[in-house]
Amino acid sequence: MVVRIVAVTKDLVAASATPLILSILSEGDSYGYAIIQRVRELSGGQMQWTDGMLYPVLHRLEKQKLIESYLSTAETGRQRKYYRVKKSGTRALAEHRSQWMLVHSTLQQLWEKRPCTT
Amino acid sequence: MHDVEEQIEQWRASLAGSELLRGEDAAELESHLREEMGHLRTSGLSDNEAFFVARSRLGDTEALEEEFAKVNAPRRLRNRLCWMIAGVLAYWVAVHFAGAASGIALAIAQATGGSPYVLGLIASGVRIVGFCAMALVIVWFCGRYFQPGSPSRIQITTRVRIAFLAALLMETVGFALTRALGVVCVARTMPVTDFGQIARVESYVDLVWRLAGPVLLGVLLVVIHLAGRRPSPQPGGSL
């Protein structure tokens with residue numbers, strides 16, 4: 001069996017990080033490791049982030065007041081930093097969503113006319 | 001197990017020492033690393049293997065720093081400002097200590113009754129030797145009492161605050177005042193022509209010193225640059 005790996009380019013990973021994180025957090029509060037796992041799971045392991053790159057993005061979103069963090073003790077007994085989406089984050093996500101949907105539907109129309117031959 | 005703990009500790013220290021990462025950033029990354037390791041262990045990897053895989057998935061320290069730099073840029077600026085202030089303060093302490101020492105030496109030498117020419121040379125010589133000695137003392141003191149996680153980050157602890165305050169007090173009240181009063185005392189007790197002669201000798205020496213100073217500084221910079229290019233052994237090694 002040949003598994004085709006779709007490598008998502010660095011630019012696309014960077015561009016999609018914010019809507020991905022906001023979407024995952026809007027499902028419920030989460031923390032870094034779990035967010036990465038969720039992305040892996042949803043993309044079938046094909047969207048590979050360098051794990052550490054997630055944190056600067058989280059901190060930037062926190063600085064932009066789209067999300068907030070709090071410390072909580074995990075089952076393992078260690079302190080863990082959880083992130084929660086804020087109201088402004090939900091609004092930002094809606095904005096991201098409409099942009100992505102626009103790009104998606106535009107490409108979709110083009111590709112439906114001339115299906116990808118590979 | 002102990003071995004892996006040590007490796008994690010080293011890895012964490014290398015992150016915590018970066019001027020671009022906050023302590024809590026390093027803690028968050030460590031927590032991630034440990035969780036990933038736990039996950040990998042359940043799929044049959046040994047402690048060491050789990051550590052190496054988890055670490056490489058997190059990304060190397062340099063790449064992480066680069067990403068964190070985008071968020072923590074103001075922090076880097078603040079850190080550098082702290083170093084600059086520390087440098088300026090150290091310079092003032094050295095300069096005013098040299099001035100104070102020179103003033104005291106002049107007052108003592110004046111009592112022994114040397115010629116103004118000799119007095120000027122003594123004052124200048126003591127000033128230069130005092131400056132160099134104080135600079136060395138500061139370097140020694142910093143190396144002896146302040147060993148932060150890395151050479152790049154100033155950790156503003158109580159100790160550092162006290163040291164800053166002490167240096168400032170010592171500089172202003174101690175040396176600057178002694179220096180100023182010393183000059184006034186000598187000037188008042190000495191014939192004006194003698195004082196002028198001393199000042200003239202001092203300004204000649206000062207001229208040489210001012211030309212030599214930047215050259216010495218340049219040599220020092222080259223030495224530091226060359227020393228920095230020599231590959232230093234990395235604790236823990238890198239993959």
Side-chain angles (χ1 to χ4, degrees), chain A residues 5 7-8 10-18 20-21 24-25 29-41 43 45-84, chain B residues 1 4-5 8-9 11-12 14-43 45 47 50-78 238-239:
Chain A
I5 306 269
V8 180
K10 215 179 151 199
D11 286 346
L12 199 49
V13 166
S16 57
T18 301
L20 265 173
I21 291 169
I24 289 168
L25 290 181
D29 298 3
S30 191
Y31 57 95
Y33 183 72
I35 295 173
I36 299 260
Q37 290 305 102
R38 187 90 177 98
V39 172
R40 240 181 232 160
E41 174 194 316
S43 68
Q46 295 202 33
M47 255 193 87
Q48 289 282 2
W49 284 358
T50 312
D51 294 5
M53 304 308 161
L54 169 73
Y55 293 96
V57 182
L58 283 170
H59 298 170
R60 182 164 49 77
L61 293 176
E62 195 179 2
K63 232 175 213 178
Q64 292 169 344
K65 298 195 173 25
L66 299 182
I67 61 175
E68 59 192 354
S69 65
Y70 58 92
L71 287 175
S72 181
T73 312
E75 320 84 62
T76 53
R78 294 183 67 89
Q79 283 259 307
R80 199 186 262 160
K81 204 170 168 190
Y82 281 86
Y83 294 89
R84 174 196 297 141
Chain B
M1 188 66 204
V4 156
E5 279 304 315
I8 294 177
E9 199 40 60
W11 171 80
R12 191 201 152 113
S14 80
L15 288 177
S18 161
E19 62 173 337
L20 292 165
L21 269 78
R22 298 170 297 177
E24 54 182 283
D25 294 339
E28 201 177 18
L29 289 170
E30 185 193 347
S31 152
H32 183 112
L33 182 91
R34 285 182 186 278
E35 225 155 315
E36 180 84 312
M37 281 175 66
H39 187 77
L40 290 166
R41 270 195 220 108
T42 56
S43 52
L45 264 67
D47 284 343
F51 170 71
F52 285 119
V53 172
R55 191 179 72 172
S56 74
R57 280 194 183 164
L58 263 171
D60 62 65
T61 311
E62 261 174 51
L64 283 173
E65 280 189 319
E66 203 178 296
E67 288 303 311
F68 273 97
K70 293 174 187 165
V71 194
N72 291 345
R75 178 184 167 72
R76 172 156 57 173
L77 183 66
R78 206 167 47 230
S238 56
L239 279 181

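Naming convention: chains lettered A, B, ... in sequence-line order (proteins, then strands); numbering from 1 in each chain.
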*Proximity of residues 60-72 of chain A to chain B, residues having a non-hydrogen atom under 4.5 angstrom*: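 Answer by number: A:Arg60, A:Lys63.
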*Listed by residue number, which members of residues 32-40 of chain A have a heavy atom under 4.5 Å from any heavy atom of chain B?*
A:Gly32, A:Tyr33, A:Ile36, A:Gln37, A:Arg40
*Can you find a heavy atom in the side chain of A:Tyr55 that is under 4.5 Å from one in the side chain of B:Asp25?*
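The answer is no, as the side chains (C-beta and beyond) never meet within the 4.5 Å cut-off.
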*When rounded to the nearest 0.5 angstrom, what distance separates CG in B:Leu58 from CE in A:Met53?*
9.0 Å
*Straight-line distance of B:His32 NE2 to A:Asp51 CG, nearest 0.5 Å*: 3.5 Å
_B:Glu35: which residues meet the side-chain hydrogen bond (donor to acceptor under 3.5 Å, both in side chains) condition with it, sequence neighbours left out?_
A:Tyr31, A:Arg80
*Check side-chain hydrogen bond (donor to acceptor under 3.5 Å, both in side chains) between B:Glu62 and all other residues, then give those that pass, not counting sequence neighbours.*
none
Where on [X] is there a heavy atom nearer than 4.5 Å to chain A: the side chain, the backbone, both, or neither?
X       : result
B:Ala63 : both
B:Glu65 : neither
B:Glu66 : neither

_So which atom in A:Gly52 and which in B:Phe68 form the shortest heavy-atom distance, rounded to 0.1 Å?_
O-CE1, 4.4 Å
